[in-house]
Amino acid sequence: QVQLVESGGGLVQTGGSLRLSCAASGRTFNYYTMGWFRQAPGKEREFVAAIRWTGGSTYYADSVKGRFTISRDNAKNTVYLQMASLKPEDTAVYYCAAGRVVIKIATMWEYDYWGRGTQVTVSS
């Protein structure tokens with residue numbers, strides 16, 4: 001089992017920045033692909049970003065490319081999502097996910113474990 005706890009969400013103005021953190025505990029964190037997804041009210045959960053366990057490969061949704069940066073610190077069992085130039089359409093609950101074998105990086109069911117989410121609200 002892997003337990004994931006997100007933090008760092010909040011209310012920010014358009015153009016502002018936030019850094020989300022996801023702390024993992026349980027099984028060895030190092031070998032898991034980590035992802036961030038988000039779900040806005042009335043919408044389906046969507047892929048935001050992911051990072052392989054080596055940290056050498058990162059992936060982003062087109063909507064956040066160039067604005068968001070995913071990173072991980074395996075020594076701290078933590079993955080981060082640095083968000084900049086935030087827009088009102090980034091408002092959502094952001095979820096951290098971990099997958100041992102993830103082939104389709106943007107596909108939810110490829111991930112085995114999920115956190116409870118953290119709310120990000122961007123005011124216009």
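FYI, side chains are in, hydrogens and waters are out, and symmetry mates aren't considered; it's all heavy atoms of this structure. Keep in mind it's a predicted model, so treat the numbers as computed, not measured.
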Output the distance between atom CZ (Arg100) and atom CD (Glu110), rounded to the nearest 0.5 Å.
13.5 Å
From CG (Leu20) to OH (Tyr80), nearest 0.5 Å
12.0 Å
Atom of Val120, atom of Gly9 and distance for their closest heavy-atom approach:
CG2-CA, 4.1 Å
If you measure from CG on Asn77 to OH on Tyr32, what distance do you get to the nearest 0.5 Å?
11.5 Å
Give a yes or no on this: more than 12 heavy atoms of other residues, nucleotides or ligands lie within 6.0 Å of atom NZ of Lys65.
yes
Kindly give the heavy-atom pair with the smallest separation between Val2 and Ala24, and that separation in Å.
CG1-CB, 4.3 Å
Mind running side chain to side chain contact (heavy atoms under 4.5 Å, CB included) on Trp114 and Cys96 for me, showing each step along the way?
CA-CA 6 Å; Trp114 291 83; Cys96 176; over 6 Å; no
Between Gln119 and Thr91, the two heavy atoms sitting closest are NE2-CG2, 4.0 Å
Validation row: Arg52, Ile105 side chains within 4.5 angstrom (heavy atoms):
yes
Going from CZ on Arg19 to OG1 on Thr69, what distance comes out if it is rounded to the nearest 0.5 angstrom?
11.5 Å
Hydrophobic cluster membership, with links at side-chain heavy-atom distances under 4.5 Å among I/L/V/M/F/W/Y: are Ile70 and Leu18 in one?
yes
For the residue pair Phe47 and Phe37, is the inter-centroid distance of their aromatic rings smaller than 6.0 Å?
yes
Examine distances only and state if a side-chain atom of Glu6 and a backbone atom of Cys22 form a donor-acceptor pair shorter than 3.5 Å.
no
Which atom names give the shortest non-hydrogen contact between Val64 and Val48, and what distance separates them?
CG2-O, 3.5 Å
Kindly compute the distance separating CD (Glu46) from CH2 (Trp36), expressed to the nearest 0.5 Å.
14.5 Å
Closer than 3.5 angstrom, by distance alone: can the side chain of Ser85 be matched with the main-chain N or O of Arg67 as a donor-acceptor pair?
no
Common cluster, Tyr113/Leu81, ILVMFWY with side-chain heavy-atom separation under 4.5 Å:
yes
For the atom pair OG (Ser63) and NZ (Lys87), what is the distance rounded to the nearest 0.5 Å?
8.0 Å
May I have the step-by-step check of side chain to side chain donor-acceptor pair (under 3.5 Å) for Arg38 and Tyr94, ending in yes or no?
CA-CA 4 Å; Arg38 67 186 181 186; Tyr94 283 70; 2.9 Å; yes
Flag yes if Val79 and Phe68 sit in one hydrophobic cluster, no otherwise; membership is Ile, Leu, Val, Met, Phe, Trp, Tyr, and two members link when side-chain heavy atoms are under 4.5 Å apart.
yes
Chi angles and distances behind the side chain to side chain contact (heavy atoms under 4.5 Å, CB included) call for Gln82, Ser71
CA-CA 8 Å; Gln82 179 68 50; Ser71 61; over 6 Å; no
Hey, do the aromatic rings of Tyr31 and Trp53 have their centres closer than 6.0 Å?
yes
Test side chain to side chain contact (heavy atoms under 4.5 Å, CB included) applied to Val12 and Thr121, step by step:
CA-CA 6 Å; Val12 64; Thr121 303; over 6 Å; no
Could you walk me through whether Ile51 and Tyr59 pass side chain to side chain contact (heavy atoms under 4.5 Å, CB included), step by step?
CA-CA 6 Å; Ile51 185 167; Tyr59 309 85; over 6 Å; no
Over all heavy atoms of both residues, which pair between Ala49 and Tyr60 is shortest? Give the atoms and the distance, please.
CB-CD2, 3.7 Å
What are the two closest heavy atoms between Arg116 and Tyr95, and how far apart are they?
O-CE2, 3.3 Å
